[in-house]
Amino acid sequence: MNKFILVLIASTVITLPAFAAGKHEGGHNDQDKSAHDQHSTQEAVVHKHAAKKGAVGYPAQPSSDQRTIHVSLSDDKRINFAENIGEIKSGAMINFVVTNKGKIPHGFFIGNEAERKAHAKMMLRMQQLEMPGMVHSIDNRAMLAPGETRQIAWHFEGNDQVVFSCNFPGHFEAGMFREIPLKP
């Protein structure tokens with residue numbers, strides 16, 4: 001019963017874009033978005049949402065002709081790229097193959113600093129509501145269980161600083177992030 005109450009509270013309290021921007025039958029537009037702001041407690045615990053343009057780009061379709069970069073997440077709070085990225089040019093499409101090599105859950109996020117802060121705030125709120133089982137997967141972020149591998153394909157656009165981070169509480173603060181310039 002307590003978990004049901006927590007899920008019910010969370011579905012009414014957490015209405016950040018990460019949960020409200022999802023694509024359900026017919027998708028969302030500005031006029032019908034408010035009708036879908038609260039998710040039913042009957043939905044699966046894993047949320048997968050529609051493609052949404054962010055400050056540093058938008059999701060891409062994975063393709064074998066795109067650059068692929070392998071990324072590992074580790075319990076020493078590091079995000080390790082298998083190759084030196086240097087800078088990213090606007091218009092580049094990259095497939096990130098992300099593996100959690102640790103023994104605890106980690107996340108992989110792509111965005112700018114403002115988006116990172118908003119996501120970190122949501123992650124903290126989930127922890128405070130004691131919702132450790134809540135898993136969300138949105139095109140620019142994924143939560144990975146130990147040993148899990150996921151792929152995120154991203155089309156970079158703009159000229160902001162790209163932040164790659166783990167936004168679990170305390171992980172970013174411990175150094176689990178990388179910042180790379182996005183060049184026009």
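Everything numeric in this text was worked out from a predicted model, so none of it was measured.
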>> Could you check whether any side-chain heavy atom of Cys166 comes within less than 4.5 Å of a side-chain heavy atom of Phe109, counting everything from C-beta outward?
In response: no
>> To the nearest 0.5 Å, what is the distance between OG on Ser74 and CE on Met176?
In response: 5.5 Å
> Between Asn112 and Ala55, is there a donor-acceptor pair closer than 3.5 Å when you use the side chain of the first and the backbone of the second?
Replying inline: no
> For Ile79 and Phe177, which heavy atoms make the closest approach, and how far apart are they?
Replying inline: CD1-CA, 4.0 Å
>> If we ignore hydrogens and angles and just use 3.5 Å, is the side chain of Thr99 paired with the main-chain N or O of Thr149 as donor and acceptor?
In response: no
> Tell me, do Leu144 and His106 make a side-chain contact under 4.5 Å, heavy atoms counted?
Replying inline: no
> Between His171 and Ile104, is a side-chain contact (heavy atoms from CB on, under 4.5 Å) present by the stated rule, with each step listed?
Replying inline: CA-CA 11 Å; His171 292 208; Ile104 62 173; 4.0 Å; yes
> Do the ring centers of Phe164 and Phe96 come within less than 6.0 Å of each other?
Replying inline: yes
> Going hydrophobic residue to hydrophobic residue with side-chain gaps under 4.5 angstrom, can you get from Phe81 over to Ile94?
Replying inline: yes
Would you mind writing out the side-chain donor-acceptor pairs for residues 59-66 within the sub-3.5 Å range, not counting sequence neighbours?
unit_1 : atom_1 : unit_2 : atom_2 : d
Ser63  : OG     : Asp65  : N      : 3.3
Ser63  : OG     : Asp65  : OD1    : 2.1
Gln66  : OE1    : Asn95  : ND2    : 3.4
Gln66  : NE2    : Gln61  : O      : 3.1

> Which heavy-atom pair separates Gly102 from Pro146 by the least distance, and what is that distance?
Replying inline: O-CB, 3.3 Å
>> Run the side-chain contact (heavy atoms from CB on, under 4.5 Å) test on Val56 and Ile110 for me, step by step, so that the C-alpha distance in whole Å, both residues' side-chain angles and the decisive distance to 0.1 Å come before the verdict.
In response: CA-CA 8 Å; Val56 295; Ile110 303 170; 4.3 Å; yes
> Is the shortest distance from a Lys or Arg side-chain nitrogen in Glu83 or Arg67 to a carboxylate oxygen in the other one below 4.0 Å?
Replying inline: yes
> Say you draw a straight line from CD1 of Ile88 to CG of Leu182; how long is it, rounded to the nearest 0.5 Å?
Replying inline: 6.5 Å
> If you take all heavy atoms of Ile180 and Glu87, which pair is closest and at what distance?
Replying inline: CG2-CA, 3.7 Å
> Hey, quick one: are Ile85 and Leu73 part of the same hydrophobic cluster, counting side-chain heavy atoms closer than 4.5 Å, chains of contacts allowed?
Replying inline: yes
>> Looking only at side-chain N and O atoms, does Asn80 offer a donor or acceptor that is under 3.5 Å from a partner on His70?
In response: no
> So, are Lys117 and Glu115 salt-bridged, with charged N and O less than 4.0 Å apart?
Replying inline: no
> Do you know the tightest heavy-atom contact between Phe156 and Lys89?
Replying inline: CB-O, 4.3 Å
> Are Met93 and Trp154 joined in one hydrophobic group, where the rule is that I, L, V, M, F, W and Y side chains link up if heavy atoms are under 4.5 Å apart?
Replying inline: no
> In Å and rounded to the nearest 0.5 Å, what is the NZ to CG distance from Lys103 to Asp75?
Replying inline: 8.0 Å
> Does a side-chain N-to-carboxylate-O contact under 4.0 Å join Glu173 and Lys77?
Replying inline: no
>> On the six-membered ring of Phe108, is Arg141 placed so that its NZ or CZ lies under 6.0 angstrom from the centre and within 45° of the ring axis?
In response: no
> Minimum heavy-atom separation for Asn140 to Ile152, with atom names?
Replying inline: C-CD1, 4.4 Å
>> Are Val162 and Ile69 connected into the same hydrophobic cluster when the rule is that any two of I, L, V, M, F, W, Y join if their side-chain heavy atoms are below 4.5 Å apart?
In response: yes
> Do you know the tightest heavy-atom contact between Gly86 and Asn84?
Replying inline: N-OD1, 3.2 Å
